[in-house]
Structures are given as structure tokens and as C-alpha cells.
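Throughout, residue positions are numbered sequentially from 1 according to the sequence presented. Remember, predicted model here, so these are calculated numbers, not experimental data.
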Amino acid sequence: VIWVQHAKTDYGIDEIREQVIASASIRPYRGPFKIYIIPEAERLNEETQNALLKTIEEPPEYVVIILLTSNISELLPTIQSRCLSLEFHPLSSATIEEFLCSQCQVPDYIAKESAAFSQGNIGKAIRYANASDDFIERKDKILDILKNSTRLDVADMVETVEGLGTQKEEMRDYIDLMMLWYRDVLIFKATKNINQLIFQGESQSIAAEAERRSYEKIEDIIGSFDKAKQRIAANVDMSITIELMFMTIKDDRV
């Protein structure tokens with residue numbers, strides 16, 4: 001099993017030629033198959049996809065190529081037409097919680113938070129549950145921004161987030177954390193039930209935010225997180241994307 005990797009934001013054509021095209025003609029040393037797994041296949045640009053096309057179209061009988069993507073529309077029609085499409089659905093939070101508790105010996109309160117954060121992705125849940133102190137510190141800084149958004153300037157908020165790291169995957173994780181926090185704000189506003197919160201340790205701050213925000217504004221903020229992730233996927237400038245998101249949080253007109 002060969003996991004194909006890319007050094008930069010997108011897959012370079014030389015990387016695909018070296019890791020897949022050139023080696024596909026070499027029979028496996030053991031076992032009947034060579035399985036190439038290409039994560040984030042939407043990062044294959046048009047030139048790279050065209051270079052890969054012949055190998056996908058006429059692979060040796062022992063070669064299997066798996067393209068993983070969350071945005072199949074980024075793959076050329078010629079690539080799509082030569083692949084079998086299999087859709088994987090997110091796992092339920094209950095399933096992930098049970099797995100973390102039984103297989104990873106994670107405390108139930110961490111398992112609940114990790115399952116919610118993962119959005120159905122078991123690998124992401126494990127990574128969050130086994131988070132290093134550094135990740136926990138960064139998570140706390142993100143939540144501090146939300147709890148103090150009334151007194152912080154947008155520029156200060158952007159600077160803090162960018163100081164934590166601006167890799168796309170990191171930024172998506174930060175946005176997911178913010179979305180979960182405002183999900184708690186929305187739930188508390190509707191139910192006043194602390195037991196339904198993911199961040200139960202933040203109940204006082206969540207209650208205060210729920211009190212000062214309207215339903216419409218909370219939904220507007222949550223929508224800004226979705227827009228930010230879409231912009232990140234479309235390679236919009238990171239600073240502009242974060243700034244627009246925080247401007248929505250700071251705007252009290254809705």
C-alpha cells in the first residue's frame with residue numbers, strides 16, 4: 001500500500017510521475033496488488049491529472065489507484081469517467097464516542113468532545129483525543145478569542161489566529177472549533193440545558209454569548225464559518241478569509 005504525498009499545497013507533476021506513474025510498472029514484491037492511495041485528490045491540478053490519466057485508464061492488472069476527495073467536481077471528467085465512485089458517509093457521534101472509550105481508553109467527556117469535533121471522521125477524533133499540550137494550548141487561545149470578541153479588535157483576532165499557524169488543515173481545525181462553540185451557544189439559547197453542551201467547562205461564557213446574541217446573528221456567524229472554509233478550499237487569501245469571518249462575529253447589527 002503506497003500513500004502518495006505532496007510537499008507543497010498541490011501535487012506537483014514530478015511527484016505523481018515519481019510516486020505513481022514510474023513505479024506502477026514494477027510488480028509488487030509481495031502480495032497480489034500494489035494499491036496507491038492519493039489523499040486530497042482535489043489538489044491534483046489539470047496538468048497532473050492529465051499525466052495520471054493513462055495510468056488510471058490502462059493500469060497493470062496488479063495496480064489499484066484510490067483517489068480520496070471531498071470535492072469530486074475538482075477532478076476532470078476524463079478522470080471521473082474512468083473511476084468507480086464510492087461515497088463514504090460520516091460516522092455517528094455515538095459510534096465514535098464508543099470507539100474512543102473502548103479502544104483508546106479515552107475518558108467519556110473527552111470522547112464526547114472529540115466525536116463532536118471530528119464531524120464523523122474517526123482519524124480526526126483520535127487525533128483530537130490524543131492532542132498534545134501544544135494543540136490544547138492553541139485550542140484555548142481560539143476559545144479565548146470567541147469569549148473576548150467584544151473587546152478585541154478584528155486585527156488582534158486575525159493576528160492571534162495567524163500566530164498559531166496558517167496551514168489549511170490547521171485553519172480548518174480552528175474554524176471547526178469555533179463552529180462547535182457557537183453550536184453550544186445556539187443550543188444553550190434554545191434549551192438552557194448545560195448537559196447538552198460540548199464545551200461544558202465554558203458554560204458561563206456560552207450562556208453570556210447566548211444572552212447577547214439573537215438566533216439570527218448566531219446563524220449568521222455559523223454561516224460565516226462555512227463560507228470561510230469554502231474560501232480556504234478555493235485558495236482565497238488566508239488573511240482576508242479570516243478577517244471577513246471575524247468581522248461577522250464583531251458585527252452586532254443582526
Just so I know, are the side chains of Q5 and Q19 near enough to count as touching, which here means a heavy-atom distance under 4.5 Å? yes
Heavy-atom closest contact (E243 atom, V158 atom, distance): CA-CG2, 3.8 Å
Is there a path of hydrophobic side-chain contacts, each under 4.5 Å between heavy atoms, that joins F33 and I37? yes
Taking the side chain as everything from C-beta on, heavy atoms only, tell me whether T241 gets closer than 4.5 Å to D237. no
CD1/I13 to OG1/T48 distance, rounded to the nearest 0.5 angstrom? 5.0 Å
CD1 of I249 to CG of L146, rounded to nearest 0.5 Å, is 5.5 Å
Looking at S81 and P77, would you say the former's side chain and the latter's main chain have a donor-acceptor pair under 3.5 Å? yes
As a quick check of understanding, evaluate side-chain contact (heavy atoms from CB on, under 4.5 Å) for K34 and V64, giving each step before the final call. CA-CA 6 Å; K34 291 179 77 171; V64 176; over 6 Å; no
Does any part of the side chain of S203, heavy atoms only, come nearer than 4.5 Å to the side chain of I194, both counted from C-beta? yes
Within one Ile-Leu-Val-Met-Phe-Trp-Tyr cluster: V4 and V1, side-chain cutoff 4.5 Å: no
Please indicate whether E211 has more than 12 foreign heavy atoms, meaning atoms of other residues, nucleotides or ligands, lying under 6.0 Å from its CD. no
Strictly below 4.0 Å, N to O, side chains only: are R27 and E61 in salt-bridge contact? yes
Just do the salt bridge (Lys or Arg N to Asp or Glu O under 4.0 Å) check on D176 and K124 with the steps written out, would you? CA-CA 11 Å; D176 284 342; K124 194 172 183 179; 2.5 Å; yes
Applying side-chain contact (heavy atoms from CB on, under 4.5 Å), run through K189 and R213 and close with a yes or a no. CA-CA 9 Å; K189 188 173 185 67; R213 299 289 198 182; 5.6 Å; no
For a 4.5 angstrom cut-off between non-hydrogen side-chain atoms, does E209 reach I206? no
Around atom CD of Q200, are there more than 12 heavy atoms from other residues, nucleotides or ligands closer than 6.0 Å? yes
So, E40 and R172, do they make that salt bridge, N to O below 4.0 Å? yes
How many angstroms lie between atom CD1 of I56 and atom CG of L76, to the nearest 0.5 angstrom? 9.5 Å
Main-chain N/O of L152 paired to D156 side chain as donor or acceptor, under 3.5 Å: no
Quick check for you: to the nearest 0.5 Å, what is the distance between L68 atom CG and I66 atom CD1? 7.0 Å
When every non-hydrogen atom of L67 is compared with those of A41, the smallest separation belongs to CB-CB, 3.8 Å
Within the side chain of E15, is there an N or O that forms a donor-acceptor pair under 3.5 Å with the backbone of A7? yes
Answer yes or no: is there a donor N or O on one side and an acceptor on the other, between the side chain of D184 and the main chain of L197, under 3.5 Å? no
Taking every heavy atom of A190 against every heavy atom of Y215, the minimum-distance pair comes out as CA-OH, 3.4 Å
Please give me the minimum heavy-atom distance between A24 and V63, naming the atom from each residue. O-CG2, 3.7 Å
How about NZ on K141, more than 12 heavy atoms from neighbouring residues, nucleotides or ligands closer than 6.0 Å, or not? no
Side-chain touch D153/F246, heavy atoms, less than 4.5 angstrom: no
Side-chain touch K54/I21, heavy atoms, less than 4.5 angstrom: no
Would you check if the side chain of Y11 reaches a backbone N or O of Q49 as a donor-acceptor pair within less than 3.5 Å? no
Looking only at heavy atoms, which two atoms of S25 and A22 are closest? And how far apart? OG-O, 3.4 Å
Could you grab the distance from atom CD of E162 to atom CE of M157, nearest 0.5 Å is fine? 13.0 Å
Assess whether side-chain contact (heavy atoms from CB on, under 4.5 Å) is satisfied between D251 and K217, documenting all intermediate values. CA-CA 9 Å; D251 186 0; K217 183 58 187 179; 3.8 Å; yes
Does E216 offer a backbone N or O that forms a donor-acceptor pair with the side chain of D220 under 3.5 Å? no
Pair I221, M178 - check side-chain contact (heavy atoms from CB on, under 4.5 Å), show working. CA-CA 10 Å; I221 291 172; M178 297 181 203; over 6 Å; no
Check: S114 side chain, A111 main-chain N or O, donor-acceptor pair, under 3.5 Å: no
Cluster question for you: counting only ILVMFWY and a side-chain heavy-atom cut-off of under 4.5 Å, with indirect links fine, are Y62 and L52 together? yes
What heavy-atom pair brings A228 and M245 nearest, and what distance separates the two atoms? CB-SD, 3.8 Å
Using distance alone, with no hydrogens and no angle criterion, decide if S85 and Q80 have a side-chain donor and acceptor under 3.5 Å apart. no
Side chains of S118 and N121: donor-acceptor distance under 3.5 Å anywhere? no
Supply the members, apart from L84, of the Ile/Leu/Val/Met/Phe/Trp/Tyr cluster built from side-chain contacts under 4.5 Å; use none for a lone residue. L86, F88
Hphob cluster co-occupancy, I38 + L53, side-chain heavy atoms under 4.5 angstrom: yes
Could you walk me through whether E74 and T69 pass side chain to side chain donor-acceptor pair (under 3.5 Å), step by step? CA-CA 9 Å; E74 291 295 319; T69 182; over 6 Å; no
I'd like to know if Y182 and M247 are part of one continuous hydrophobic network [Ile/Leu/Val/Met/Phe/Trp/Tyr, side-chain heavy atoms within less than 4.5 Å]. yes
Given side chains that start at C-beta, do those of R212 and T150 come closer than 4.5 Å, heavy atoms only? yes
Polar contact flag, side-chain donor to acceptor under 3.5 angstrom, Y36-T55: no
Evaluate the side-chain proximity of K112 to L100: yes if any heavy-atom separation is below 4.5 Å, no if none is. no
Enclosure of E98 CD (heavy-atom neighbours >12, cutoff 6.0 Å): no
Out of curiosity, M179 CE to L186 CG, how far, rounded to the nearest 0.5 Å? 12.0 Å
